[in-house]
Amino acid sequence: MKMAGAEAIVKSLVHLDVKHIFGYPGGAIMPTYDALFNEENLHHVLVRHEQGAVIAAEGYARLSGKVGVCIATSGPGATNLVTGIADAMLDSIPIVCLTGQVNSALIGTDAFQEADIVGMTIPITKWNYQISKASEIPYILAKAFHVALSGRHGPVLIDITKDAQQGEMEFDIKDLEVFIDHKLQVLNDEFENAAKLINSAKKPYIFAGHGVTKANAENELERFASLAGIPIACTLHGLSCIPMDHPLYVGMLGMHGNYGSNLLTNEADLIIAIGMRFDDRVTGNLNTYAKQAKIIHIDIDNVEFNKNVKVDVTICGDAKDVLSELYKHILPNNHDAWIKKFHDYYQEEHDEVIHHQITNQAGQMIKMAEVVSLLSEKTQGNAVIVSDVGQHQMIAARYYEFKYPRSHITSGGLGTMGYSLPAAIGAKFAAPKREVIVIVGDGGFQMNIQELAVLTQENLSVKIILLNNEHLGMVRQWQEMFFEERYSFTNLLNPDFIKIAEAYSIPGLHIEDASDLDSALDKLLNAEGSFLLEVMVEKQGKVFPMVAAGTGVGDIRLK
């Protein structure tokens, strides 16, 4: 059938099973918005800033496992997507960004709101492409979704000129069905070599990363680890791929991870890294990292092999498939004495750090960990926690006891402040029946605070816990520890956040006294719609343990 390119865009999205699209209209994308006007099968969410659109698409993708879609106009609309695209690239999130572009004849003339968004995003996309003919639309959109979901997930940008949106074309549904299988097959057969190392290891150790969740391999991980009796630690993005109360779970890796999880990295004789990339925040100083261990690296992207850490066995493939096959080659075992070492170190960490962080003494200001720990208890670890970036992010990761898969959403590789609120909006659309809770600091909250309007406009129930220490807390901690307490531009003069929320018709509550925390959290959780709880927390609080920059995991500090 004949139709305009803009109508073909909308019909293609519907056929590709898109339910929600996050965007902001403008001149160069207006024909597509006009086509959206009467489309009942596609729900458009009007954000208040294009960065909110792309991050909401990320949140949707992370919780649903599907492609998140956002749309923006040319020029500033497109360039406002760049931070979110880079964030999705570093965290391997499948999103498709559609941007309008000036007419083909005007490209290169510095026309109004013209920007070379394709050129700008080459380094931060898996693939990008500019459509200048309406006839290209169905095939290119189908390819965009295929690329975003194939192998290692990631962002794709499709730039569409205005004349391509307005031009007439012959729509053929077959152009959307040329790409079927998104799954990358296991590329090599190292299972026997891996199994020999696993079956003979005395101190084996599993590092579970984001790839476990993305492959829906939680059950396969638990079955594999239980058979071999191997302790599991998670990266920041690996959190929630195994319940934190599982007997084999031993903590979080990384700069602010658990004490024993980091220390015993340098004692393990075998590390099995699954769907993680040995990021610098996990390894610390590479010169002293795990030199005693054999390493098996399982990842869907062979580019990661030997990139940061030299490994002994590599298996390239989807974590679910690899763990299912590897399970057939390993022998039942237990490593109780080895696991006890993790528990002993955890007890030391509990006595030195955790107990003091979750216990309030008379006259003390509320601590972030108190809030998160009590929240975890009240929600029984089943909520979706969407944290921003900073001290509260690390506290949320450390003190929320995740019990259910796909429960932790945050910006990892790029560390994007302002991430939590729009990501939570996307997450809520992905799983409307799940409790979605934002944990954010006063700095990050103000970076995308305008997206509160979306909660009201879409009648969403997203609970927001604002941990307000009136500082850029993580930067302030570094200034105290490494810059001789020169607090250069980290204190914040903040607005009345409760009044701002109320201006968006969102109720809120401000507390300062620890005695009010229990009832305040109940009020938050029992609210029918969105709710803002602002908790004033200690200004000088620090996050420990900590592996300082430039040091190794064996140098982790408890204070």
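For clarity, every value in this text was computed on a predicted model and none was experimentally measured.
Note that the CZ atom of Arg434 and the OG atom of Ser407 stand 4.0 Å from one another [nearest 0.5 Å]. Here the straight-line distance linking atom CD1 of Ile315 with atom CD1 of Ile298 works out to 5.0 Å at 0.5 Å rounding. Atom-to-atom distance recorded for Ile425:CD1 and Leu421:CG is 4.5 Å, nearest 0.5 angstrom. Rounding to the nearest 0.5 Å gives a distance of 4.5 Å between CD1 of Ile385 and CD1 of Ile439. Between the CD1 atom in Ile85 and the CD atom in Gln51 there is a gap of 11.0 Å [rounded to 0.5 Å]. One distance of note links CG of Leu81 with CD1 of Ile55; it measures 10.0 Å at 0.5 Å rounding.
The shortest side-chain heavy-atom distance between Asp17 and Lys19 falls under the 4.5 Å cut-off. Between Glu58 and Tyr419, the closest side-chain pair of non-hydrogen atoms falls below 4.5 Å.
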TODO: Decide side-chain contact (heavy atoms from CB on, under 4.5 Å) for Val156 and Thr125; before the verdict, give the C-alpha distance in whole Å, the side-chain angles of both, and the deciding distance to 0.1 Å.
DONE: CA-CA 5 Å; Val156 173; Thr125 52; 5.9 Å; no
- [ ] Using the ring pair (Phe, Tyr, Trp, His ring centres under 6.0 Å) rule, take Tyr24 and Tyr33 through it: C-alpha gap first, then chi angles, then the decisive distance, then the call.
- [x] CA-CA 9 Å; Tyr24 201 92; Tyr33 268 86; 8.6 Å; no
TODO: Please test Gln450 against Asn448 for side-chain hydrogen bond (donor to acceptor under 3.5 Å, both in side chains), starting from the C-alpha separation and ending with a verdict.
DONE: CA-CA 5 Å; Gln450 73 284 342; Asn448 273 316; 2.9 Å; yes
- [ ] Report the C-alpha distance between Met169 and Met3 in whole Å, list the side-chain angles of each, state the deciding distance to 0.1 Å, and finish with yes or no for side-chain contact (heavy atoms from CB on, under 4.5 Å).
- [x] CA-CA 6 Å; Met169 51 90 70; Met3 63 181 65; 4.0 Å; yes
Task: Stepwise side-chain contact (heavy atoms from CB on, under 4.5 Å) test for Thr32 and Leu98 - done: CA-CA 10 Å; Thr32 299; Leu98 305 178; over 6 Å; no
Open item on the list: Between Ile29 and Gln165, does the side-chain contact (heavy atoms from CB on, under 4.5 Å) criterion hold? Intermediate values first, please.
Closed with: CA-CA 8 Å; Ile29 199 67; Gln165 298 171 59; 3.8 Å; yes
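The aromatic rings of Phe445 and Phe497 are tilted relative to each other, their planes meeting at an angle between 30° and 60°. Between His297 and Phe278, the angle of the ring planes goes over 60°, which puts this pair in the perpendicular group of the 30/60° scheme.
At most 12 heavy atoms of other shown residues, nucleotides or ligands fall within 6.0 angstrom of atom NZ in Lys66. Within 6.0 Å of CZ in Arg48 there are more than 12 heavy atoms belonging to other residues, nucleotides or ligands. The number of heavy-atom neighbours closer than 6.0 Å to OH of Tyr289, taken from other residues, nucleotides and ligands shown, is above 12. By the neighbour-count criterion of 12 heavy atoms within 6.0 Å, atom OH of Tyr487 is densely surrounded, having more than that number from other residues, nucleotides or ligands. Shown here is Phe483, whose CZ atom has no more than 12 heavy atoms of other residues, nucleotides or ligands within 6.0 Å.
Judged by distance alone, the side chain of Asp388 and the main-chain N or O of Gly418 form a donor-acceptor pair under 3.5 Å. A donor-acceptor pair is defined here as one N or O able to donate and one able to accept, closer than 3.5 Å; no such pair exists between the side chain of Asp91 and the backbone of Ile93. One N or O on the side chain of Asp163 and one on the backbone of Ser104 form a donor-acceptor pair closer than 3.5 Å. Using a distance-only test at 3.5 Å, with no hydrogens or angles considered, no donor-acceptor pair links the side chain of Gln477 to the main chain of Gly473. In this structure, Asn128 contributes its side chain and Val118 its backbone to a donor-acceptor pair below 3.5 Å. Looking only at distances, a side-chain donor or acceptor of Gln393 sits under 3.5 Å from a matching main-chain atom of Ser411. In this structure a side-chain-to-backbone donor-acceptor pair under 3.5 Å is missing from Thr283 to Leu286. Under the 3.5 Å distance criterion, the side-chain polar atoms of Arg62 are matched with a main-chain donor or acceptor of Thr410. Proximity of a side-chain donor or acceptor of Glu451 to a complementary backbone N or O of His49 within less than 3.5 Å is detected. Under a 3.5 Å cut-off, the side chain of Glu136 and the backbone N or O of Ser132 do form a donor-acceptor pair.
Results of the side chain to side chain donor-acceptor pair (under 3.5 Å) test with Ser92 over His237, Arg152, Arg277 single out Arg152 as the only residue that passes.
The salt bridge (Lys or Arg N to Asp or Glu O under 4.0 Å) analysis of residues 452-479, with sequence neighbours excluded, yields the pairs Glu435-Lys463, Glu470-Lys539, Arg476-Glu480.
With ring centers used as reference points, His408 lies 6.0 Å or more from Tyr400. Proximity of the aromatic rings of His43 and Phe429 is defined here by a centroid distance below 6.0 angstrom, and this criterion is met.
Closest approach of Gly167 and Ala134 over heavy atoms only: O-CB, 3.6 Å. Ser12 and Pro138 get closest at one heavy-atom pair: OG-CA, 3.7 Å. Summarising the geometry of Val178 relative to Lys174, their closest heavy-atom pair is CG1-O, 3.6 Å, with the distance given to 0.1 Å. Closest approach of Ala397 to Met252, counting heavy atoms only: CB-SD, 3.7 Å. Taking every heavy atom of both residues into account, Ser530 and Pro507 meet most closely at O-CD, 3.5 Å. For the residue pair Ala28 and Thr73, the shortest heavy atom distance occurs at N-OG1, 3.1 Å.
Using a cut-off of 4.0 Å between Lys/Arg side-chain N and Asp/Glu carboxylate O, Glu304 and Lys307 are scored as salt-bridged.
Between Asn103 and Thr161, the side chains place no donor N or O within less than 3.5 Å of an acceptor N or O (distance only, hydrogens not considered). In this model, a donor atom of one side chain and an acceptor atom of the other lie less than 3.5 Å apart for Asn216 and Arg406.
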